[in-house]
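Have a look at the structure below before the remarks.
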Amino acid sequence: MDSYGVRFPLPADAGRGLRFLIVEGRAYPDIADEMKRGAIAALEQAGALHETIAVPSAMEVPVAMAMAIETGRFDGYVALGCVIRGQTNHYVSVANESIRALAELAVVDALPLGIGILTVENEAQARMRADVSDQDRGGDAARAALALSSVKVKLNS
């Protein structure tokens with residue numbers, strides 16, 4: 001397992017008292033479920049509270065994220081989705097634009113945001129990356145959000 005959590009360990013209570021929002025694109029329900037499972041496990045292990053909202057696909061994740069940011073209810077965010085290459089280059093547009101929009105939101109608003117948008121060639125790659133017992137990219141996205149939340153807390157204290 002080549003997981004972000006292994007390469008960048010977090011304190012056990014990194015999320016204590018913090019509230020996170022998971023926004024999941026549901027274009028591939030089985031993959032979305034596994035990624036969400038990994039993200040929830042990582043947040044709960046760190047002691048964080050969490051809510052989840054679902055949108056149709058990775059393309060809608062940044063829009064829902066922007067709406068959630070306006071509420072001011074959350075300390076951190078986890079973006080989950082999956083884009084699988086098809087027979088046209090639509091894949092490139094969706095992958096690039098959803099990730100670009102999320103990165104822009106994170107930088108402009110200084111958000112603790114973990115981005116877990118899989119961009120893969122086929123469903124087998126997606127399953128391997130989503131699987132919590134393999135690459136656990138949903139958990140990695142949550143751990144990235146937790147790490148950035150810790151940085152934000154440290155910088156604001």
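The side chain to side chain donor-acceptor pair (under 3.5 Å) contacts involving residues 107-121 comprise Arg85-Glu121, where partners must be two or more places apart or lie in separate chains. For residues 54-71, the side chain to side chain donor-acceptor pair (under 3.5 Å) pairs, not counting sequence neighbours, are Ser57-Glu60. Screening residues 93-103 for side chain to side chain donor-acceptor pair (under 3.5 Å), with sequence neighbours left out, gives Glu97-Arg100, Arg100-Glu104. Screening residues 40-49 for salt bridge (charged side-chain N to carboxylate O under 4.0 Å, His left out) gives no qualifying pairs among residues at least two apart or on separate chains.
The side chain to side chain contact (heavy atoms under 4.5 Å, CB included) test applied to Ala42 returns Ala142, Arg143, not counting sequence neighbours. Evaluation of the salt bridge (charged side-chain N to carboxylate O under 4.0 Å, His left out) rule for Arg127 yields Asp30, Glu123 as partners, not counting sequence neighbours. Ile22 meets the side chain to side chain contact (heavy atoms under 4.5 Å, CB included) test with Ala39, Ile40, Leu43, Thr52, Val78, Leu80; sequence neighbours excluded. In this structure, the side chain to side chain contact (heavy atoms under 4.5 Å, CB included) partners of Leu49, at least two apart in sequence or on a different chain, are Arg19. Taking Glu24 as the reference, Arg26, Lys36 meet the salt bridge (charged side-chain N to carboxylate O under 4.0 Å, His left out) condition, with sequence neighbours excluded. Residues satisfying the side chain to side chain contact (heavy atoms under 4.5 Å, CB included) criterion with Ala130, sequence neighbours excluded, are Ile31, Glu34, Met35, Leu118.
In the hydrophobic clustering, Val151 connects to Leu155, either directly or through intervening members, whenever side-chain heavy atoms lie under 4.5 Å apart. Clustering of Ile, Leu, Val, Met, Phe, Trp and Tyr side chains at separations under 4.5 Å places Met67 together with Val63.
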